There are 2 protein chains.
Amino acid sequence: MPVVQTPTPQPASPQEDADERILKAAGRLFREKGFAATTVREIAAAANMLPGSLHYRYASKDDVLLALMNRAVRRAMQAVRFAIGEVKDPVEKIRLGLRAHLELLCNGDDSLYVLLFDWRSLPAGAREGVERERAKYEAFWDGLLYEAHGSGKARPILDIELVRHFGFGAINWVATWYRPGGDRTPGQIADAMFAYLAYGLIHEPSRPADLDTHFAAIMAASFKSRS
Amino acid sequence: MPVVQTPTPQPASPQEDADERILKAAGRLFREKGFAATTVREIAAAANMLPGSLHYRYASKDDVLLALMNRAVRRAMQAVRFAIGEVKDPVEKIRLGLRAHLELLCNGDDSLYVLLFDWRSLPAGAREGVERERAKYEAFWDGLLYEAHGSGKARPILDIELVRHFGFGAINWVATWYRPGGDRTPGQIADAMFAYLAYGLIHEPSRPADLDTHFAAIMAASFKSRS
DNA sequence: GATTCCTTTGGGCGTATGGCCAAGACCGAT
DNA sequence: ATCGGTCTTGGCCATACGCCCAAAGGAATC
């Protein structure tokens, strides 16, 4: 089972380095304490600069949040696309996509968490733009689900939007209880969730006894090789 | 299919009325804008009193949040217990419990939402007490799942804690996309989620063809009679 | 009608916040 | 060496926040 990795960590120019430090610090603080409870002075200090320097790059605290959220959507889309790669099996695509999404959420930077859990802090004016990008990501997932559904392996009765909502819910919620030192890696958690949900969705009338075999195989493989 | 309702709306004494107004207003505002972005002046105004009066009942803003969260756990536990009532079938218990939880989250007061999504705002000192009560609620659910698992209808390989996490995730996440005027009621959504997840969990080797029948029956019944 | 206790009032205090800016440092290009 | 633009500095300002309180109000009891 291949390890999912993030694509192309690009080198940092000096100014991108400062921007990067700001977003990284802001992401960590927003995730820990929430947007409103974090001060620009804290962000600046964590990014090793003075408040004025931060203001030079981002005119307002809202702009930092906006940039962070836009980056989150971009990275999520990138990570999932990269993880799927050239895989053809539509069901396997979903499993790999889930892993990538969850690994980004748990081990990647904090922007995705902030996007998901600090949504209310985004000022009404800026919401529209992020919403549009986020909708693209969701549409991308709907495409994966639609493809899997069309492959004939899924239940005939399927509300794809509802399935996506449930799937996102289960997987995003992991961020609220996952602790890095635990005995399950994000990859294992994602596989387990896939197995639980999939074998409620997948319909194989011709070989009913195999259901448990498939299920057990995914679980066993995932829990044997850590990652 | 019986409509799930909230138990015993108790009458209000004059002072309880003031407390109630505060918590109700605070719940709405915390849910809309988050704890940190809400001012005590706003809460007081929404509760039709002056800031000083609010301070008389709750010494600090944190205390309001604490009271709100404790109430949320209490109400959730109460609602689920009441919904289950005297039902014996362990699987049906779970379906009814899910409905009750989701209806409280979507149609009830906002305290449950705040408990779930403003967790970070709770000051470290107060966290322990709420955590303990919340753990009881989770343990209660684990009991339901354990019972259902022990009934022999579930897959032999089952990590109950993981299943609870996934279930809570899917159901709690509904609060982020549900809109009251939509074409699905919370009850329907809960039933759909139950059906999707259950028929990945339930193992009935003796009658594989019935799987879809059961699944379709739940979905059809839920979507026919609104609520 | 007087006393007591609970509740509300309206305002005020100290503080920390988000945003801003004039002056200077840095650095590659000329 | 000098210039021009980019970036940083350290401090400032108006605001709005959480919290507090002395005094007044109101209701029930004796």
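Atoms considered below: every heavy atom in the structure, side chains included; atoms not considered: hydrogens, waters and symmetry mates. Proteins get letters first, then strands, A, B, ... in listed order; numbering begins at 1 in each. This one's a predicted model, so the numbers in the text were calculated from it and none came from an experiment.
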First locate atom [atom1] of [X], then atom [atom2] of [Y], and finally report the distance between them rounded to the nearest 0.5 Å.
| X | Y | atom1 | atom2 | result |
| --- | --- | --- | --- | --- |
| R57(A) | R21(A) | CZ | CZ | 8.0 Å |
| R99(A) | D191(A) | CZ | CG | 4.5 Å |
| I189(A) | E103(A) | CD1 | CD | 10.0 Å |
| K33(A) | L29(A) | NZ | CG | 6.5 Å |

Pairs under 3.5 angstrom, nitrogen or oxygen only, protein versus nucleotides 9-17 of chain D, please.
unit_1	atom_1	unit_2	atom_2	d
dT9(D)	OP2	S53(A)	OG	3.4

Worksheet entry | Ring centre gap for W173(A) and F117(B) strictly below 6.0 Å |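 Between W173(A) and F117(B), the centre distance is under 6.0 Å.
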Worksheet item: Which atoms form the tightest heavy-atom contact between L115(A) and V130(A), and what is the distance?
Response: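 Heavy-atom minimum between the residues: CD1-CG1, 3.8 Å.
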Write down the distance between [atom1] ([X]) and [atom2] ([N]), rounded to a whole number of angstrom.
| X | N | atom1 | atom2 | answer |
| --- | --- | --- | --- | --- |
| I22(B) | dT8(C) | CD1 | P | 8 Å |
| I43(A) | dG19(C) | CD1 | C1' | 13 Å |
| H55(B) | dA23(D) | NE2 | P | 17 Å |

Between the protein and nucleotides 26-28 of chain D, which nitrogen or oxygen pairs come in under 3.5 angstrom?
none

Discussion item. Taking E133(A) first and then R74(A), would you say they form a salt bridge - that is, a charged N and a carboxylate O separated by under 4.0 Å?
Written reply: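 Answer for the salt bridge query: no.
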Worksheet item: Just to confirm, is there a sub-4.0 Å distance from OP1 or OP2 of dT6(D) to any side-chain nitrogen or oxygen of R57(A)?
Response: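 No, outside the criterion.
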Worksheet entry | side-chain contact (heavy atoms from CB on, under 4.5 Å) partners for H55(B), two or more places apart |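 So H55(B) forms no side-chain contact (heavy atoms from CB on, under 4.5 Å) with any residue.
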